[in-house]
J.: 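Here it is, the structure, as structure tokens.
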Amino acid sequence: MIGSIFQRFRRSDIQPYRAPSAEEVAALLKLCIDEVTDVWIAQAESLQQLRKYDYARRKLEMAATIALKGSREQPDSPGAWFTLGKIYLALNQPDKADLAFRKMSALATSRCDKRDVELAQNGLARSSRLRTTNEQSLAGKVAEAMFYTCQSCGHPILFLGTHCPHCRFAPSTSEEVSIGIVLSTLYLDIPSLLNASREIQKGRKPNDFMPQLHEMIPRIDDGGAVLSKLEQSKADDHLDFRLLEACHQCGTAPRQSWLQKCPKCGEPLNRPDLVELAICIDRAIQHFVWNIRRDSSESFSDFVTLLVNVKSKIIRDQTGPTESQRKWAHKLLVEISPIYTDNGGGVIEVKSEEEIHGKVLDPSVHSQIELTIDHIEGELRNFARLISNQVSLF
């Protein structure tokens with residue numbers, strides 16, 4: 001049986017895509033399409049992972065044909081438009097998905113159906129994110145634009161529907177999901193998000209420094225989808241960044257990523273370059289949270305976003321940055337220079353990935369300003385080295 005499955009994948013006599021006939025569509029419409037949509041999308045994702053892109057496209061195009069006919073036959077059904085929007089998202093067609101979710105939102109609003117309104121808004125947010133991602137890809141900016149600040153430990157994280165790799169926190173209520181979404185780039189710009197990270201790491205709760213928080217929460221999806229995903233993935237969601245960064249002998253997590261020996265016990269760390277890159281990015285992000293002056297430029301935001309993306313990819317998938325991400329990282333590192341400390345006591349200038357130099361401007365602002373400059377310069381130098389095309393990450 002297993003052999004027959006692989007034989008089907010190896011077939012070379014693949015027939016051209018044929019749209020389903022009217023009879024086939026009618027038969028399928030008798031099923032509850034909403035229930036099988038997620039199955040079709042999951043099957044397409046599995047085929048894409050097997051690099052069977054043509055099979056995946058056909059699966060989704062078949063689903064889209066059926067869902068489109070369903071929306072035409074039931075134009076007043078919010079569920080029909082929601083199903084169509086989900087399939088268009090899977091087909092990487094955010095504009096069509098946007099139209100479907102807007103139609104759903106209008107219908108739900110006229111019926112005062114709060115849940116469907118929230119589902120439609122969530123769909124519109126996803127289509128907006130997908131559109132942004134596509135635009136970034138065309139510009140060589142291959143990164144997920146939306147990320148979050150963990151409401152428990154304050155570390156920037158890429159996904160809300162997983163446990164934080166730093167503190168193991170995950171939302172357990174709809175309110176916590178809503179707070180998590182507010183603490184994201186969907187509601188805050190990058191400088192504000194870094195400020196939120198710092199406040200939470202100081203031990204403050206989101207309510208303490210965001211008095212408008214509860215005014216924002218009612219506009220957000222109730223979190224059922226995120227909680228459902230967490231429930232499904234909790235058995236596999238065991239990733240813990242603390243185990244990666246700690247010395248295997250004494251458990252100490254060195255403050256500098258470039259150290260080759262544990263500063264406490266002297267044991268060689270022997271980290272693979274990929275792990276060292278993840279630790280280096282984490283230390284760099286912490287400098288952006290605590291020590292580096294906020295910048296409103298697009299390059300500044302893009303660089304922080306790229307750091308969060310690459311680190312997450314290493315932790316969750318054990319894969320390094322893509323070729324385009326490496327080139328983009330070098331470009332952005334030069335563009336955000338000069339990099340000033342938050343207290344104005346020092347600056348790091350980046351002329352190229354090989355020329356990174358820190359300088360103290362005012363030693364009176366802090367007794368440790370020289371050490372801070374050395375640490376920031378060291379992390380940026382190590383980052384430029386590790387993300388270089390000349391360095392093997394495996």
Side-chain angles (χ1 to χ4, degrees), residues 141 143-160 162-167 169 180 183-185 188-202 239-242 244-246 253-259 271 273-316 320-321 325-326 328-330 332-333 335-337 339-342 348 350 356 358 372-387:
K141 304 177 179 181
E144 169 60 63
M146 186 173 177
F147 65 91
Y148 308 79
T149 286
C150 175
Q151 59 193 280
S152 176
C153 71
H155 278 77
I157 55 175
L158 190 60
F159 301 112
L160 184 65
T162 59
H163 288 79
C164 173
H166 293 276
C167 68
F169 172 83
L183 294 171
S184 76
T185 53
L188 304 175
D189 58 20
I190 301 298
S192 299
L193 205 58
L194 292 173
N195 287 337
S197 292
R198 180 160 59 186
E199 293 302 315
I200 294 173
Q201 289 186 35
K202 286 180 180 178
L239 302 172
D240 193 335
F241 184 77
R242 294 168 296 186
L244 285 179
E245 63 179 348
R255 290 181 60 191
Q256 300 85 33
S257 67
W258 64 84
L259 296 180
R271 292 168 173 155
D273 284 342
L274 194 62
V275 173
E276 187 178 331
L277 177 60
I279 295 170
C280 175
I281 290 176
D282 176 73
R283 304 303 188 258
I285 291 174
Q286 285 299 93
H287 282 303
F288 278 96
V289 170
W290 286 96
N291 301 317
I292 292 175
R293 181 179 296 174
R294 311 286 187 257
D295 188 336
S296 59
S297 70
E298 182 180 356
S299 296
F300 181 90
S301 296
D302 284 346
F303 189 67
V304 174
T305 299
L306 180 63
L307 292 179
V308 175
N309 271 260
V310 174
K311 175 187 166 186
S312 178
K313 194 72 173 175
I314 295 172
I315 295 173
R316 303 205 66 82
Q325 286 177 330
R326 295 183 189 191
W328 194 33
H330 285 152
L332 291 173
L333 193 53
E335 288 181 358
I336 65 174
S337 176
I339 304 168
Y340 290 93
T341 59
D342 200 31
I348 295 90
V350 183
I356 303 175
T372 298
I373 293 295
D374 288 343
H375 283 186
I376 298 174
E377 178 187 335
E379 294 302 347
L380 294 181
R381 282 180 176 275
N382 203 30
F383 173 77
R385 178 184 71 84
L386 290 167
I387 208 164

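We count residues from 1, following the sequence as given. Since we're looking at a predicted model, the values are computed, not measured. Below, each value reflects all heavy atoms present in this structure, side chains not excepted, and no hydrogens, waters or symmetry copies.
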J.: Pair R316, T162 - check side-chain contact (heavy atoms from CB on, under 4.5 Å), show working.
T.: CA-CA 10 Å; R316 303 205 66 82; T162 59; 3.8 Å; yes
J.: Determine the minimum heavy-atom distance between I356 and A384, stating which atoms define it.
T.: CD1-CB, 4.1 Å
J.: Start with the C-alpha distance between H375 and T372, add both sets of side-chain angles, then the distance that settles side-chain contact (heavy atoms from CB on, under 4.5 Å), and finish with yes or no.
T.: CA-CA 5 Å; H375 283 186; T372 298; 5.8 Å; no
J.: Do the non-hydrogen side-chain atoms of L307 and F383 ever get within less than 4.5 Å of each other?
T.: yes
J.: My understanding is that only residues two or more places apart in sequence, or in another chain, count here; which of them pass side-chain hydrogen bond (donor to acceptor under 3.5 Å, both in side chains) with N382?
T.: S257, E276, R385
J.: When rounded to the nearest 0.5 angstrom, what is the spacing between CD in Q325 and CG in L306?
T.: 5.5 Å
J.: Should W258 and E379 count as side-chain neighbours, where that means a heavy-atom distance under 4.5 Å?
T.: yes
J.: Do L386 and D273 have side-chain heavy atoms sitting under 4.5 Å apart?
T.: yes
J.: Check ring-ring contact (aromatic ring centres under 6.0 Å, His included) between H166 and all other residues, then give those that pass, not counting sequence neighbours.
T.: H155, F241
J.: Hey, does F147 have a side-chain heavy atom less than 4.5 Å from the side chain of T185?
T.: yes
J.: Heavy atoms only: give me the nearest D282-E245 pair and the separation to one decimal.
T.: OD2-OE1, 4.2 Å
J.: Is the shortest heavy-atom distance from the side chain of I314 to the side chain of L277 under 4.5 Å?
T.: yes
J.: Quick one, T341 and R293 - any side-chain contact, counting heavy atoms below 4.5 Å?
T.: no
J.: Just verifying a value: how many Å separate I157 CD1 and L160 CG, rounded to the nearest 0.5 Å?
T.: 6.5 Å
J.: Taking all non-hydrogen atoms of both residues, which atom of L274 and which atom of G320 are closest, and how far apart?
T.: CD1-CA, 3.6 Å
J.: Stepwise, does the side-chain contact (heavy atoms from CB on, under 4.5 Å) test hold for L239 with L244?
T.: CA-CA 9 Å; L239 302 172; L244 285 179; over 6 Å; no
J.: Tell me the closest heavy-atom pair linking K311 and A278, and the distance in Å.
T.: CG-O, 4.1 Å
J.: For residues V310 and K313, determine if any side-chain heavy atom of one lies less than 4.5 Å from a side-chain heavy atom of the other.
T.: no
J.: Take atom CZ in R255; do more than 12 heavy atoms of anything else shown fall under 6.0 Å from it?
T.: no
J.: Taking all atoms of both residues into account, what is the closest heavy-atom pair of P254 and R271, and its distance?
T.: CD-NH2, 3.5 Å
J.: Just by modelled atom types, is the L333 backbone N or O under 3.5 Å from a matching donor or acceptor in the S337 side chain?
T.: no
J.: Evaluate the criterion side chain to side chain donor-acceptor pair (under 3.5 Å) for residue pair N195 and S192; output intermediate values, then yes/no.
T.: CA-CA 5 Å; N195 287 337; S192 299; 5.1 Å; no
J.: Is a salt bridge present between R198 and D342, judged by a nitrogen-to-oxygen distance below 4.0 Å?
T.: yes
J.: Measure the CZ-SG distance between F169 and C150 for me, rounded to the nearest 0.5 Å.
T.: 6.0 Å
J.: Could I get the full list of ring-ring contact (aromatic ring centres under 6.0 Å, His included) partners for F159, not counting sequence neighbours?
T.: none
J.: Which value, rounded to the nearest 0.5 Å, describes the distance between C167 atom SG and Q151 atom CD?
T.: 9.5 Å
J.: Any chance you could lay out the side-chain contact (heavy atoms from CB on, under 4.5 Å) test for I190 and T305, step after step, and finish with the verdict?
T.: CA-CA 8 Å; I190 301 298; T305 299; 3.8 Å; yes
J.: Starting at CD1 of I281, measure out to OG of S312 and round the result to the nearest 0.5 Å.
T.: 10.5 Å
J.: Report yes if some heavy atom in the side chain of Y148 is under 4.5 Å from a heavy atom in the side chain of L183; otherwise report no.
T.: no
J.: Less than 3.5 Å apart, any donor N or O on the side chain of S299 or D302 sitting next to an acceptor on the other?
T.: no
J.: Looking at every heavy atom in both E144 and N309, which two are closest together, and how far apart are they?
T.: N-OD1, 2.7 Å
J.: Just how far is it from atom OG1 of T149 to atom CD of Q201, taken to the nearest 0.5 Å?
T.: 8.5 Å
